[in-house]
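This report refers to the structure that appears directly beneath it.
Order of listing sets the numbers, starting from 1, for every ligand and every atom in it. Being a predicted model, the structure only gives us computed values, none of them experimental. Values below: every heavy atom of this structure, side chains too, minus hydrogens, waters and symmetry copies. Sequential numbering from 1 along the given sequence is applied to the chain's residues.
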Amino acid sequence: MNIDGIHYRTIWVAEDGWSVEIIDQTKLPHEFSVIRLQTADDAARAIKEMQVRGAPLIGATAAYGLCLALREDPSDEALARACDMLAATRPTAVNLKWSLDAMREAVGKVGHNARVEAAYAAAARLCDEDVETCRRIGENGLRLIRGVAEAKPGQTVNVLTHCNAGWLACVDWGTALAPIYMAHDAGIPVHVWVDETRPRNQGASLTAFELGRHGVAHTIVPDNAGGHLMQHGKVDMCIVGTDRTTATGDVANKIGTYLKALAADANDVPFYVALPHTTIDWTLSDGVAQIPIEERSAREVTHMTGRADNGEIVTVEISAPGSAALNYGFDVTPARYVTGLITERGVCPASREGLLSLYPERKK
Ligand code: MRU
């Protein structure tokens, strides 16, 4: 997508031909800064500290992290060590494991001398595939938005989204936001309710930033406003992303997604989840019981970072010193609250049968 007229992906190989550049998402929306990863440790740190985040981009960063590890040592032992280290960075997004498995498959049988080249080629391929996958998710989701627009001619389609599942969370386009970009580009009047998404504020800091740069109308709302908006007919549909979806259609996504799904169900608002095949964990059948939920630092709850009136970026404490805080990163929305899954192969019911109708090769 474009930033000030320049096309960016979220991750790319630098001009030196080997180091890897990313947009430091911890600095957005106040500063657009590009940083360079030179080692696998740099890549792991970028994932852990959320300089990159979002399930597909975490996977892409891990793939390039493996390239950087193999540059230093192309042995089987180093490959296994780097895979373990990168896999341990964030537990919920399954794209991370998918991408490391794909990389291992691509380089495992290649001789040590050719490994680094094979790894960079595989990581580039994986990124290109992610872009194409997201573009197709956009086309499939666009049909749903167009359907709503046709049912209310001349009026704006209001979409509510949670967290950031836009191009910043992927390599390009995004998952939940791809249909919105395509609707906007097709001239459909679309407006997005952006959940602020406490505690890291991915909605206020990232989703609002990227929608704004693309010229899409949007309004940031506190996380607890969604129910009220839906009750008053101000939301036509919800579209969110996901970090892991079970074979039965349960979806893990940023904490707070479940509450929006409950409110959508109570108010007959369609609730869609957009995802690439790399987010499906075919080994799981019960999301609530089986998806590991990341627990992050309490400091993310008790402190906030932002720009002060004098322009300085400051971090402030917002709670009484000494209060305990609990910070689960994700929650699981059971399949029964999901109207449909928007994938690169089409839209299906959130169920085993629905997913298998799009991915028949997964039938046992
Ligand atoms: O903790 P984050 O910012 O990595 O969480 C991201 C989300 O929950 C996104 O909505 C999800 O990964 C889908 S990304 C296309």
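- The number of heavy-atom neighbours closer than 6.0 Å to CZ of Arg299, taken from other residues, nucleotides and ligands shown, is 12 or below.
- Cluster note: Met230 groups with Leu160, Trp193, Val221, Leu229, Val235, Val269 through ILVMFWY side-chain heavy atoms spaced under 4.5 Å, whether in direct contact or through intervening members.
- Glu300 is linked by a side chain to side chain donor-acceptor pair (under 3.5 Å) to Arg200, Arg296, Asn327, counting only residues two or more places apart in sequence or in another chain.
- The ring-ring contact (aromatic ring centres under 6.0 Å, His included) search around Tyr328 returns none, not counting sequence neighbours.
- With salt bridges taken as basic N to acidic carboxylate O contacts below 4.0 Å, one links Arg9 and Asp128.
- The cationic group of Lys27 does not satisfy the cation-pi geometry with Phe32, failing either the under 6.0 Å distance to the six-membered ring centre or the 45° limit from the ring axis.
- Residues lining ligand 1 at a heavy-atom distance below 4.0 Å are given as Met50, Arg53, Gly54, Ala55, Pro56, Arg90, Cys163, Asn164, Ala165, Ala169, Cys170, Thr175, Gln202, Gly241, Thr242, Asp243, Asn253, Lys254, Phe330, ordered by chain and residue number.
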